[in-house]
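Chain naming here is simple, since letters A, B, ... match the order of the sequence lines and numbering starts at 1 in each.
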2 protein chains.
Amino acid sequence: MTYHHGNLRSALLDRAATVIAEEGIEALSLRALARDLGVSHAAPGRHFKDRADLLAALAAEGHRRMTAALNAAVAAAGDDPVARYNALGREVVAFSMRHPAYFQVTQHPEVERHSDPSLMAARQAFGDTVRAAAAAAQAAGWRPDEDLEALQLFSTAAALGAASVLMRQSKFAGRPTVELLAIAGRVIDLVIPPSLEALRQES
Amino acid sequence: MTYHHGNLRSALLDRAATVIAEEGIEALSLRALARDLGVSHAAPGRHFKDRADLLAALAAEGHRRMTAALNAAVAAAGDDPVARYNALGREVVAFSMRHPAYFQVTQHPEVERHSDPSLMAARQAFGDTVRAAAAAAQAAGWRPDEDLEALQLFSTAAALGAASVLMRQSKFAGRPTVELLAIAGRVIDLVIPPSLEALRQES
DNA sequence: TCGCGATGTTGTCAGTGACAACATGAAGAT
DNA sequence: ATCTTCATGTTGTCACTGACAACATCGCGA
């Protein structure tokens with residue numbers, strides 16, 4: 001019988017994402033992951049310093065995937081900076097529905113306390129993407145007199161907050177994703193209109 | 001030596017709030033609470049069915065305290081429904097800073113999955129307070145054409161999301177509370193202006 | 001004074017995380 | 001082909017945890 005799994009680190013991360021999506025972060029157990037993957041209880045310790053280290057790695061990957069998705073959504077939205085930031089906000093919620101485990105782990109307070117370089121770098125890149133899009137929208141005419149830090153806090157809080165509430169409030173459970181995305185879209189439109197043209201018509 | 005603590009349930013909840021504020025929810029341990037309070041490891045089991053039950057009780061208390069604080073803030077804001085809802089939003093963030101443990105436990109996904117009747121009632125009362133204030137603000141002229149469910153999601157996501165981000169993002173750590181409340185105030189003003197008069201001047 | 005329920009206690013079991021020491025596999029150097 | 005080294009498995013152990021059982025004490029009401 002072979003001792004070498006060959007790809008255990010990736011398998012642990014993938015399996016962890018499945019468990020988190022199904023049962024939540026607190027249900028994650030290194031020993032259970034090892035059992036699921038057919039290795040001994042100490043094998044995960046060869047790839048991750050401890051349970052927090054695995055969660056940090058998963059959160060780093062989550063941030064990277066989310067940043068990539070946001071950049072893709074922004075690029076697909078054309079040249080209008082207001083439409084681009086609106087698309088970014090909608091993609092935050094869409095991403096959380098496509099990847100509940102990655103989203104949850106990026107937002108979990110236990111993980112945020114972990115000072116892992118890879119995670120901090122991924123978080124920084126996420127912040128840079130949001131900041132650049134917010135600054136461009138403001139420069140184009142959205143809330144020009146507002147402090148950018150407050151604008152950023154406002155828009156990320158609304159998008160991340162809406163994603164979290166839609167994910168876990170029982171009143172939204174069971175509703176079709178397309179309906180939840182529509183509600184989220186209206187929330188994002190309250191944050192920033194869907195286009196510069198729409199912004200001009202508001203004023 | 002007396003066997004009867006006399007007030008163990010309350011002491012457990014108080015001590016749990018302290019541990020959560022200092023170390024986070026995942027650091028909470030029933031045995032450690034029992035040690036801290038000088039009782040045996042099984043004593044907490046006489047007051048709470050399990051660890052999740054204690055967290056649910058703490059979250060129920062957190063919701064009750066937050067609802068009371070929101071109602072007080074709304075009442076203190078006078079008769080203008082727009083000013084009242086703005087004050088409610090600011091109080092969400094102020095409460096989270098005064099009572100970090102209660103706030104965290106009300107927002108924790110692990111706790112939200114717990115179907116405890118007292119917690120669900122407290123959550124319902126919180127939702128009723130927010131819904132009533134949002135409906136009154138809308139009736140007075142704030143976003144009159146918008147779906148109330150989307151408006152509510154927008155405003156609660158922004159307020160709760162801002163509170164969470166200010167609490168745990170390292171870029172805000174160490175800043176004086178008065179400064180964080182000022183940033184939060186600007187975020188809430190972006191959700192809803194501070195008065196009906198200010199709302200009229202925007203249009 | 002007695003009985004009963006509330007609320008403590010000691011004890012046990014299974015699971016966990018973390019770590020140590022040992023075992024195997026793969027890759028590179030000779 | 002062989003040897004060495006590092007990566008990555010293994011078994012084992014310890015302390016802590018949650019949960020539960022059985023027993024012990026306390027307080028209150030009859």
Side-chain angles (χ1 to χ4, degrees), chain A residues 1-20 22-59 105 108-116 118-119, chain B residues 1-20 22-59 105 108-116 118-119:
Chain A
M1 177 195 288
T2 182
Y3 255 37
H4 239 261
H5 183 281
N7 199 28
L8 186 56
R9 187 176 192 282
S10 290
L12 285 164
L13 290 170
D14 287 345
R15 182 66 199 157
T18 300
V19 169
I20 289 168
E22 288 171 4
E23 302 169 51
I25 287 168
E26 64 285 345
L28 190 77
S29 148
L30 294 179
R31 288 202 182 212
L33 294 180
R35 270 197 308 278
D36 292 343
L37 296 171
V39 294
S40 71
H41 61 269
R46 291 300 180 191
H47 300 277
F48 302 99
K49 181 171 167 300
D50 51 23
R51 181 180 183 273
D53 196 30
L54 186 149
L55 283 173
L58 209 56
V105 82
H108 203 276
E110 178 179 352
V111 179
E112 301 227 13
R113 274 193 282 279
H114 198 286
S115 57
D116 173 86
S118 176
L119 172 55
Chain B
M1 176 193 292
T2 183
Y3 253 40
H4 241 263
H5 183 280
N7 198 28
L8 185 57
R9 186 177 194 280
S10 290
L12 285 164
L13 290 169
D14 288 346
R15 180 66 196 158
T18 300
V19 170
I20 289 169
E22 288 172 4
E23 303 170 51
I25 287 166
E26 64 286 343
L28 190 77
S29 147
L30 293 180
R31 287 202 183 212
L33 293 181
R35 271 199 307 276
D36 292 343
L37 296 172
V39 293
S40 69
H41 61 269
R46 291 301 181 192
H47 300 276
F48 303 100
K49 182 173 167 296
D50 51 24
R51 180 179 184 272
D53 197 31
L54 186 148
L55 283 173
L58 208 59
V105 82
H108 203 276
E110 179 180 351
V111 177
E112 301 225 15
R113 274 193 282 277
H114 199 286
S115 56
D116 174 84
S118 177
L119 171 56

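The side-chain heavy atoms of B/E26 and A/R51, taken from C-beta on, include no pair separated by under 4.5 Å. Looking only at side-chain heavy atoms (C-beta outward), B/L28 and B/L54 come within less than 4.5 Å of each other. A 4.5 Å side-chain heavy-atom check between A/L33 and A/F48 finds every atom pair outside the cut-off. Counting heavy atoms from C-beta on, the side chains of A/E112 and A/H108 never come closer than 4.5 Å.
Between the CD atom of A/E23 and the P atom of C/dT16 there is a distance of 12 Å, given to the nearest Å. Distance, A/L33 CG to C/dT16 C1': 12 Å, rounded to whole Å. Remark: P of D/dG18 and CG of B/L12 are 12 Å apart, rounded to the nearest angstrom. Atom-to-atom, CG of B/L28 to P of D/dA19 comes out at 11 Å; the value is rounded to the nearest Å. Atom CG of A/L55 is separated from atom P of C/dA18 by 10 Å (rounded to the nearest Å). The separation between A/K49 atom NZ and C/dA20 atom P is 12 Å, rounded to whole Å. Rounding to whole angstrom units, CD of residue A/E26 and P of C/dG17 are separated by 13 Å.
A donor-acceptor pair under 3.5 Å links the side-chain atoms of A/D50 to the main chain of A/D53, judged by distance alone.
Take B/D36 and apply the side chain to side chain donor-acceptor pair (under 3.5 Å) test, not counting sequence neighbours, and it matches B/R15.
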Base contacts versus sugar-phosphate-only contacts with protein, heavy atoms under 4.0 Å: please encode nucleotides 7-16 of chain D as B, S and - from 5' to 3'.
-BBBBBB---
